[in-house]
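Within every chain, numbering begins at 1; the chains are lettered A, B, ... in the order of the sequence lines, protein sequences first and strands thereafter.
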Amino acid sequence: MSQRSSFFQDVYEVVMLIPEGRVTSYGAIGKYLGMPSSARMVGWAMNASHTLPKVPAHRVVNRVGVLTGKHFFETPSRMQELLEAENIKVDNDQIQRFEYFFWDPVKELP
DNA sequence: GATGTGACTGACC
DNA sequence: TGGTCAGCCACAT
C-alpha cells in the first residue's frame with residue numbers, strides 16, 4: 001500500500017494476515033498481488049522477509065504443501081515445529097490435508 | 001546498463 | 001506415470 005516499498009511490502013502484509021493455523025502458497029500470494037506467474041518473486045520476497053521477524057514465512061509453502069523454504073529457517077526443523085505448534089500436521093516436510101489448511105488471500109481478503 | 005539468480009508453477013515428453 | 005523444460009519478474013552484483 002505504501003509507495004516507498006515495493007511489492008515485497010505487499011507480500012509481507014499478506015503473509016502477516018495469514019490466520020493462525022492456516023497456510024498459503026506462493027502462487028496464491030502472487031495471484032493476490034496480480035502476478036500469478038511470478039510465484040518465484042514471492043519466494044524471493046520471503047527470502048528478504050528475514051528482515052521482518054513478524055512475517056510468518058513458515059505459513060507459506062509451495063502449491064503442493066511442501067516446506068520448500070524450511071532450509072532458510074534458523075533450523076530446517078524449525079518450520080515444521082512452528083506449523084505443528086499451530087495444529088498443522090506435517091509429515092516428511094509436507095503439510096497433510098493441505099487443502100483444509102490452505103488460506104487463499106484472493107478469497108479471504110476483500 | 002546488462003547478466004544471473006531464485007523459498008514457484010504449469011505444461012510437455 | 002513420472003521427470004524435465006521453460007517462463008515469470010524483481011533484486012543483487
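Nucleic acid contact for A:H58: none, since no nucleic acid atom lies under 4.0 Å from a heavy atom of the residue. Within 4.0 Å (heavy atoms only), A:N62 reaches sugar-phosphate atoms of the nucleic acid but no base atom. Counting non-hydrogen atoms under 4.0 angstrom, A:A48 reaches nothing in the nucleic acid.
In this structure B:dT3 sits in a base pair with C:dA12, meeting the Watson-Crick or G-U test at under 3.5 Å.
Among C:dC8, B:dG6, B:dT9, the nucleotide with an atom closest to any side-chain atom of A:A39 is B:dT9. If you check C:dC11, B:dT9, B:dA7 against the side chain of A:S25, the one that comes closest is B:dT9. Residue A:W44 places its side chain closer to B:dG6 than to any other of B:dC8, B:dG6, C:dC8.
Between A:H58 and the choices A:Q80, A:K70, A:R78, A:E86, the side-chain hydrogen bond (donor to acceptor under 3.5 Å, both in side chains) rule is met once, by A:E86. Residue A:M79 is tested with A:V60, A:T68, A:V61 for a side chain to side chain contact (heavy atoms under 4.5 Å, CB included); the sole match is A:V61.
In this structure, A:N62 and A:Y26 approach most closely via the heavy-atom pair N-CE1, 3.3 Å. Residues A:F8 and A:A48 come closest through the heavy atom pair CE2-CB, 3.5 Å.
Comparing the P positions of C:dT1 and B:dT9 gives a spacing of 22 Å, expressed to the nearest Å.
In this structure, the side chain of A:R59 does not engage the main chain of A:L83 through any donor-acceptor pair within 3.5 Å.
Across the protein-nucleic acid pair, A:F7 atom CZ and B:dG6 atom P stand 16 Å apart, rounded to whole Å. In this entry the distance linking OH of A:Y12 with P of C:dA10 reads 14 Å, nearest Å. At whole-Å resolution of the value, CG in A:L33 and P in C:dA10 are 11 Å apart. Atom CZ in A:R40 sits about 12 Å away from atom C1' in B:dG10, given to the nearest Å. Atoms CE (A:M41) and C1' (B:dT9) sit 14 Å apart, rounded to a whole Å.
An OP1 or OP2 oxygen of B:dG10 is reached within less than 4.0 angstrom by no side-chain nitrogen or oxygen of A:S37.
Residue A:R63 places no side-chain atom within donor-acceptor reach of the base of B:dC8, judged by atom type and a 3.5 Å distance cut-off alone.
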